[in-house]
Amino acid sequence: MSFLYRKLVRRLLFAMSPELAHNTAIRSAAVLQNFELANVITRFLSKAKDFPVAAAGLKFKNPVGLAAGFDKDCEAPKFLSRLGFGFLELGTVTLRPQNGNPKPRLFRVNEKKALINRMGFNNAGACQAARSLARLLPLDIPVGINIGKNADCPLADAPKNYLEAVRILYPYGDYFAINISSPNTLQLRELHQKEKLERLLDPLAEFGAGQKIKKTFFIKISPDLETTELESVVSTAVKRGFGLIAANTTVRREGLPPRWKNHEGGLSGKPLKTLADETLKKTAALAARRVPIMGVGGVSDGRSAVEKLRLGADLVQIYSGLIYEGPFLVKAILEYMDKAGYPCSHLK
Ligand SMILES: Cc1cc2nc3c(=O)[nH]c(=O)nc-3n(C[C@H](O)[C@H](O)[C@H](O)COP(=O)(O)O)c2cc1C
């Protein structure tokens, strides 16, 4: 099936601009999910062995999830859930709708199986996401919701901006990812700084503690942090019982042809793998199994997914790999895990 994707579907999609191709795929998925036959066929084609995992107080049928940014407006979770994923992370959703950065803002670096994006949290806002999820949930897999800051919200008001969005979406998410690491919102990454992070996390922790149904918050971090910055973020997160997602896209351009060096935005896909893995390894060591960890960045096949589990991730996520390898990548990863004898071998 992956061969068919590369020879047929990918050719069609890659003939379009990256953003148009993405919107076409999401809109098609949103329509298809209304037809039971499409759901049955997709599920049948994506079927693979289960690898049950328990993390963040949730049960996952396997540890392979969809990364944030793919379904920003929570439009197609039902279809996406039929592709064999163990979980989905939807969003980034901001409190109020916003257009994001001017187009073009998404670029394929085909020769490196990478993407550069400077989307800037284009999304229809928390209320629209809630309406969509009220219609489409529940699914048979956990759903995380990734929350970001509105671009026009000053950094000092960020805690309120995030909290209001979480309040609206709390009934719909099984976990929440607090995104402080997109390189495409001015100053957002400053929220990694200890005091700013504490001011952001404390109201969220307090809100969470007051809810009847407890849900885990994760912080999605940048792969561009110095070790001391990472140490501070992990200790701030662990103290409050927040999990960690390592990592978002990078502003570095190592390994890319020179013409991409001054292209603004976050780099994802294969060239991100080494940096994301290093960040994951350090994060897992610092967290020392006290909070759940997700690994993301450069997963393109079974081997790269299992490497993240070996480095200490409880769960992994994929995005760019789906664009280059197609939706049957999840099944291919699970088949690899089966052959590799997961979970026993990954613990060695
Ligand atoms: C086009 C695009 C949009 C993205 N949007 C978001 C987003 O809205 N929120 C977020 O947390 N991460 C976003 N990401 C980052 C991914 O979730 C992921 O962390 C990153 O792409 C690394 O994984 P990958 O190498 O498998 O793509 C986006 C990535 C891409 C390529």
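Start at 1 with the first residue, then count along the sequence. Both ligands and their constituent atoms are indexed starting at 1 by order of listing.
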Please name the residue in the list Thr92, Thr94, Asp73 that meets the side chain to side chain donor-acceptor pair (under 3.5 Å) test with Asn123. Thr94

Do the charged groups of Lys194 and Glu198 touch, with an N to O distance under 4.0 Å? yes

Could you tell me, atom by atom, which parts of ligand 1 come under 4.0 Å of a heavy atom of Leu272? 22 (C)

Any nitrogen or oxygen of Gln317, main chain or side chain, under 3.5 Å from a nitrogen or oxygen of ligand 1? no

Going by atom types only, do Asn248 and Ser222 share a side-chain donor-acceptor pair under 3.5 Å? no

For the side chain to side chain contact (heavy atoms under 4.5 Å, CB included) test, which of Ile116, Asn184, Asp224 pairs with Val251? Asp224

Is it the case that ligand 1 has an N or O less than 3.5 angstrom from some N or O of Gly298? yes

Checking side-chain polar atoms at under 3.5 Å, does Thr249 have a donor or acceptor matched by the opposite partner on Ser268? no

Run the numbers for me: atoms of ligand 1, each under 4.0 Å from some heavy atom of Leu115, listed by number. 31 (C)

Lys78 with Asp140: basic N within carboxylate O range, under 4.0 Å: no

So which protein heavy atom does atom 26 (O) of ligand 1 come closest to, and at what separation? Tyr319 N, 3.1 Å

Ignoring angles and geometry beyond distance, decide whether Asn179 reaches within less than 3.5 Å of ligand 1 through its nitrogen or oxygen atoms. yes

Do the charged groups of Lys61 and Asp50 touch, with an N to O distance under 4.0 Å? no

Once side-chain contact (heavy atoms from CB on, under 4.5 Å) is applied, do any residues pair with Asn110, and if so which ones, sequence neighbours excluded? Phe14, Arg108, Tyr324

List the closest protein heavy-atom neighbour of atom 27 (O) of ligand 1: residue, atom name, distance to the nearest 0.1 Å. Ser320 OG, 2.6 Å

Closest to atom 13 (C) of ligand 1 by heavy-atom distance, out of Ala68, Gly91, Ser300, is Ala68

Using a 3.5 Å cut-off on N or O atoms only, is Glu89 in polar contact with ligand 1? no

Quick one: are the ring centres of Tyr175 and Phe217 less than 6.0 Å apart? no

Any N or O of Asn117 that comes nearer than 3.5 Å to an N or O of ligand 1? no

Ionic contact status for Glu226 with Lys282, cut-off 4.0 Å: no

Atom 15 (C) of ligand 1 has as its nearest protein heavy atom Asn248 OD1, 3.5 Å

Ion pair Lys215/Asp174, N-O distance below 4.0 Å: no

For Gly269, is at least one N or O under 3.5 Å away from an N or O on ligand 1? yes

The closest protein heavy-atom partner of atom 6 (C) of ligand 1 is Gly69 CA, 3.4 Å

Are any of the N or O atoms of Ala247 closer than 3.5 Å to those of ligand 1? yes

With heavy-atom distances below 4.0 Å as the criterion, list the atoms of ligand 1 near Leu106. 1 (C)

Quick one: nearest non-hydrogen protein atom to atom 21 (O) of ligand 1, plus distance? Ser268 CB, 3.2 Å

What is the closest protein heavy atom to atom 12 (N) of ligand 1, and at what distance does it sit? Lys220 NZ, 3.0 Å

Taking only non-hydrogen atoms of Asn146 and a 4.0 Å limit, the atoms of ligand 1 in range are 10 (C), 11 (O)

Select one of side chain, backbone, both or neither to describe which atoms of Thr92 lie under 4.0 Å from any atom of ligand 1, heavy atoms only. both

Assign the ring pair Phe176 / Tyr170 to parallel, tilted or perpendicular, where the plane angle (0 to 90°) is split at 30° and 60°. parallel

heavy-atom search around atom 8 (O) of ligand 1 in the protein gives Lys72 NZ, 2.9 Å

